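Note that the structure is predicted; figures quoted are calculated from it, not measured. In what follows, every chain begins at residue 1, and chains take the letters A, B, ... in the order their sequences are listed.
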2 protein chains.
Amino acid sequence: MGKNNAKISNAVIKRLPRYRRYLIELKKKGVEKISSKEFSSLIGYTASQIRQDLNNFGGFGQQGYGYSVDGLYKEISAILGLDKEYRMVIVGAGNLGQAIAKYTHFHKQGFKVCAAFDINPNLIGKDLDGIEILDYENIVEYVEEEEIDIGIICVNRDNAQEVADKLSFAGVKGIWNFAPTDIEVPTHVALEVVHLSDSLHSLAYHMNDIQKKEVAQDKHREEENLRD
Amino acid sequence: MGKNNAKISNAVIKRLPRYRRYLIELKKKGVEKISSKEFSSLIGYTASQIRQDLNNFGGFGQQGYGYSVDGLYKEISAILGLDKEYRMVIVGAGNLGQAIAKYTHFHKQGFKVCAAFDINPNLIGKDLDGIEILDYENIVEYVEEEEIDIGIICVNRDNAQEVADKLSFAGVKGIWNFAPTDIEVPTHVALEVVHLSDSLHSLAYHMNDIQKKEVAQDKHREEENLRD
DNA sequence: TAGATTGTTAATCGATTAACAATC
DNA sequence: TAGATTGTTAATCGATTAACAATC
């Protein structure tokens, strides 16, 4: 929610993490202030859009001066809720689940993987760089007792919905779904989806699109040469 | 490119893999035809949008009847370029790179991981379920000789651009970027990005947004109770 | 103060939805 | 043929960009 409680469009939210990334880079370089115009040439959004986006949440800039890099960084971090710590569990300790468990990048940003869960007896009890794989049977109690905020779904398509239901029932506030299917969650649970296959298919489309255009261009050039 | 060579908006492209997923499910269930209205209640897009989207590429339906499930599935698969095989390499054989190498899901869909590359001597020579980790030094020759179509970037932020440059130079047609940074590629190379951190940050926002709304509602209810 | 740059309103653009004629 | 449903045009909605007054 922004100022005046107005609903912020998802397009804006999706841009916030990117703003934040560029602000981190600027901070590293020791840049202290930036105008929307300078930021625009860096990040690739129009200056107008940057000002419009930020003003959804409040007037963070100063007329005639610009935005404080550190100030804006802190504001956006707070808007995203990155000034808090989050406790997560992974459900499905296959390849993807294991990779996410081991990926320390999230931990550094305040997202802690507390445990992984699976039904496979060969996996239960194993340790993934300090993260234990537990029996899926016990997930509800674990989520309740350990006050887990986020459930990460890394199971296959057919089990994703049942896992989502169980996680929601157990009381997670958010679900991060990597299963290649669409799931439904109660309105009080936030849902974010990463469809890797869909992303790959979209890449395939664009590759073929470029190819087609190149073929069309070649043909065009050939015809021009014939005319000469 | 759709009919009349008109540029298709990216919003449409991003919906195609989802249409395709639902068509696969319908095929599995033995459903042979579907109207845009029925499809709408299933997939959650408006019937109007479905017809509009599909008509970007051609008239796949039949008035008074609807769409052939199998026919539409084949058309969308072809539009996405999924009737072809793709050869891929992974650059960066850390946790994420290894997970993608082992993730058989893509292989089933015609996207074959041919090799992984790293600079770490401890990793070079290792085998990931049949996929060898090779020396990054030799990536250009490998991509050329093995006719690699897609490069998957799983290195850290600081090396992502240099890897993208090398892959583009070597002749890949598409790059799938998992590094938590923005990279630039030549116009003849397609780019698809998966920003896991950004996705997680967006989830955090929505979780906090829901929380705030609940607090506001509780407060509202409290005030009403006081008045009674 | 003058210059710069924001915050905000207005204009434009693009994407989604509605309507309906075409047609199976 | 009558009914159903597409393909397509027109209307609406929302998001982006432009313009400019407010103000540091």
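Residue-to-nucleotide proximity on DNA chain D shows that, of B:Arg51 and A:Thr46, the 5′-proximal contact is made by B:Arg51.
Taking atom CD1 of residue A:Ile50 and atom C1' of nucleotide D:dT16, one finds them 13 Å apart after rounding to whole Å. Separating the CZ atom of B:Phe57 from the C1' atom of D:dG7 is a distance of 15 Å, rounded to the nearest angstrom. Rounded to a whole Å, the CG atom of B:Asn55 is 16 Å from the P atom of C:dT17. For the pair A:Asn10 CG and D:dT16 P, the computed distance is 11 Å after rounding to whole Å. Put simply, NZ on B:Lys33 is 16 Å from P on C:dC24, counting in whole angstrom units. The interatomic distance linking A:Gln63 (CD) with C:dG3 (C1') rounds to 13 Å, in whole Å. Computed from coordinates, the A:Phe60 CZ to C:dT8 C1' distance equals 15 Å when rounded to whole Å. The CD1 atom of A:Ile13 sits 11 Å away from the P atom of D:dA15 (whole-angstrom rounding).
Within 4.0 Å (heavy atoms only), B:Phe39 reaches no atom of the nucleic acid at all. B:Tyr45 comes within 4.0 angstrom of no nucleic acid atom, judged by non-hydrogen atoms across all strands.
Between B:Ser36 and D:dT5, a side-chain N or O to OP1/OP2 separation shorter than 4.0 Å is absent. For A:Tyr67, no side-chain nitrogen or oxygen approaches OP1 or OP2 of D:dC24 to under 4.0 Å. Contact between the side-chain N/O atoms of A:Gln49 and the OP1/OP2 oxygens of D:dT16 is found at a separation under 4.0 Å.
Here the nucleotide nearest the side chain of B:Ser35, chosen from C:dT17, D:dT5, D:dG7, is D:dT5.
The aromatic rings of B:His201 and A:Phe111 lie parallel to each other, with less than 30° between the two planes, well short of the 60° mark.
With 3.5 Å as the limit, one finds a donor-acceptor pair spanning the side chains of A:His206 and B:Asn10. Side-chain atoms of B:Gln161 and B:Asp165 include a donor-acceptor pair closer than 3.5 Å. Side chains of A:Thr181 and B:Arg21: no donor on one and acceptor on the other come within 3.5 Å.
C:dA10 and D:dT17 make up a base pair, with Watson-Crick or G-U wobble contacts both under 3.5 Å. With both pairing distances under 3.5 Å, C:dA22 is matched to D:dT5 as a Watson-Crick or G-U wobble pair.
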Applying side chain to side chain contact (heavy atoms under 4.5 Å, CB included), run through A:Phe106 and B:Leu196 and close with a yes or a no.
CA-CA 9 Å; A:Phe106 304 136; B:Leu196 294 180; 3.8 Å; yes

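Residue-to-nucleotide contacts include a donor-acceptor pair under 3.5 Å from the side chain of A:Ser48 to the base of D:dA18. Donor-acceptor pairing under 3.5 Å, judged by distance alone, is present between the side chain of B:Gln52 and the base of D:dT9.
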